[in-house]
Number of protein chains: 2
Amino acid sequence: MTNVTTIAKEMEEALRADGVRITRQRAALLKVLAGADDHPDANELHRRAREIEDTVSLATVYRTLSALEAQGVVHRLAFEGEPARFETTNAPHHDHIIDLETGEVMEFRSEKIEALQALIAEELGYEVVHHRLELYCRKRK
Amino acid sequence: MTNVTTIAKEMEEALRADGVRITRQRAALLKVLAGADDHPDANELHRRAREIEDTVSLATVYRTLSALEAQGVVHRLAFEGEPARFETTNAPHHDHIIDLETGEVMEFRSEKIEALQALIAEELGYEVVHHRLELYCRKRK
DNA sequence: TTCAATGCAAACCCTTTGCACGGTA
DNA sequence: TACCGTGCAAAGGGTTTGCATTGAA
C-alpha cells in the first residue's frame with residue numbers, strides 16, 4: 001500500500017539519484033503530484049503546490065515537470081485543445097477515455113490493443129517506443 | 001479514380017452546399033489540400049497555397065482550415081510537441097505511426113483495434129465519438 | 001562555498017481576432 | 001449590391017527562457 005508520502009519520497013529518490021537537488025518548491029510539487037488522483041494541468045498543480053509552499057512560481061512548476069518527465073516519473077498528457085495535463089508513472093501504463101460532455105477523464109488498459117499495436121508496428125519494421133490512445137466519448141442513451 | 005482536381009471540386013461543393021463562398025484563396029488552399037499526400041501544418045499549407053495564389057494570408061489559411069474542419073472535410077492532427085497538421089477526409093479513417101527519428105508519418109487501420117475500443121467504451125456505458133491513436137516508433141534493428 | 005534552482009518578466013510559438021477594405025454570389 | 005471573406009497587425013494562451021539572486025548540499 002503506497003500512500004502519498006511514500007510515492008513522493010520515491011520520486012525524490014529518483015531525482016536525487018540523478019543529481020537533482022530537492023528544493024522546498026520541488027518537494028511541494030512532488031507531494032501534490034503524489035496526491036493527485038485526477039489529471040491536473042500546470043496551472044492547477046501550481047495552485048495546489050502554493051498551498052503547501054507559497055514561494056512556488058509557475059516557471060518552476062514547468063521546469064520541475066520537465067525534469068520529472070525526463071526522469072520518467074511523470075507523464076505528460078495532451079488532450080485535444082487543452083493545456084498539457086500530468087500524471088505520475090507509479091500506476092501501470094494505461095490509456096484514457098475523455099467524457100466529451102463533462103470533461104471527466106477515465107483510465108483503461110487493454111492487453112489486446114497493446115499487443116495489436118506492437119504487431120502492426122512490427123509488420124512495418126518498427127517497434128513502438130510509446131503510444132497515445134484517447135477515446136473521446138459520450139454516455140450511451 | 002479520384003484525381004486532385006476531382007477531390008478539390010468535391011470539397012468546393014461541400015463548402016458551397018453550406019453557403020460558404022469559394023474565393024480564389026480558398027480554391028488555392030483546396031487544391032493544395034487535395035494534392036497533399038503528406039501531413040502538412042498550417043505554415044506549409046500557406047507556403048504551398050501562395051505558389052498558386054500569392055495573396056493568401058496565413059490568417060485565411062487558419063480560418064479556412066477551421067471552416068473545412070467544421071464541414072468534416074478536413075481532419076486536424078496533433079502529434080506530440082508539434083503544430084497541428086491537416087489531412088483531407090476522403091481517405092477512410094485511419095490512425096498514424098510516427099517515426100521518431102525521421103518524423104515520417106505513416107497510416108494504418110486495424111478493424112480489431114477499432115472494435116476493441118468500442119467494446120471498452122461500451123463496458124463503461126459510453127460510445128466512442130472519435131478517437132486518437134498514435135504509435136511513436138523506431139526502426140527495428 | 002559552490003553552482004544548481006529560483007522568481008520575475010520578457011520572449012516564444014502557434015493560433016485567433018478586430019478592423020477597415022475587397023470581391024463573390 | 002449586400003455582406004462574407006480578406007490582409008494586416010495586434011492580441012491571446014500556454015510554455016520557455018535570460019538574468020540576477022537564493023539556497024541545497
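What you see is a predicted model; the values in this text were computed from it and never measured.
- Between the CZ atom of R85(A) and the P atom of dT15(D) there is a distance of 12 Å, rounded to whole Å.
- Around CZ of R138(A), the count of heavy atoms belonging to other residues, nucleotides or ligands within 6.0 Å does not exceed 12.
- Rounded to whole Å, atom P of dA5(C) lies 14 Å from atom CD of E12(A).
- Mapping Q25(B) and R26(A) onto DNA chain C via the closest heavy atom, the residue that lands nearer the 5' end is R26(A).
- In the set dA25(D), dG23(C), dT6(D), the nucleotide with an atom closest to the side chain of R24(B) is dG23(C).
- Of the candidates dC8(D), dT17(D), dT6(C), the closest approach to any side-chain atom of A59(B) belongs to dC8(D).
- Residue T23(B) has no polar side-chain atom (N or O) positioned under 4.0 Å from OP1 or OP2 of dC4(D).
- Between the base of dG18(C) and the side chain of R63(B) there is a donor-acceptor pair shorter than 3.5 Å.
- Rounding to whole angstrom units, CZ of residue R50(B) and C1' of dC8(D) are separated by 13 Å.
- Between L15(B) atom CG and dC4(D) atom C1' there is a gap of 13 Å when expressed in whole angstrom units.
- Whole-Å rounding puts the E53(B) CD to dG5(D) P distance at 17 Å.
- As a whole-Å value, the separation of F79(B) CZ from dC14(C) C1' is 17 Å.
- Distances were taken from every side-chain heavy atom of I22(B) (C-beta onward) to each of dA25(C), dA9(C), dA25(D); the shortest belongs to dA25(C).
- The aromatic ring centroids of H96(B) and H39(B) lie less than 6.0 Å from each other.
- Going from atom CZ of R24(B) over to atom CG of L29(B) covers 14.0 Å, rounded to the nearest 0.5 Å.
- For the pair D54(B) CG and dC8(D) P, the interatomic distance rounds to 10 Å; values are reported in whole Å.
- Taking the side chain of R21(B) as heavy atoms from C-beta on, and the options dT24(C), dG14(D), dT16(C), the nearest nucleotide is dT24(C).
- OP1 or OP2 of dT15(C) lies within a sub-4.0 Å distance of a side-chain N or O belonging to Y62(B).
- The nearest whole Å value for the distance from the CG atom in D41(A) to the P atom in dT15(D) is 7 Å.
- No path of Ile, Leu, Val, Met, Phe, Trp and Tyr side chains, each step under 4.5 Å between heavy atoms, connects V128(B) with F79(A), placing them in separate hydrophobic clusters.
- Nearest to the side chain of T60(A), among dT6(C), dA2(D), dT15(D), sits dT6(C).
- For an aromatic pair to be called close, the ring centres must be under 6.0 Å apart, and H131(A) with H93(A) satisfies this.
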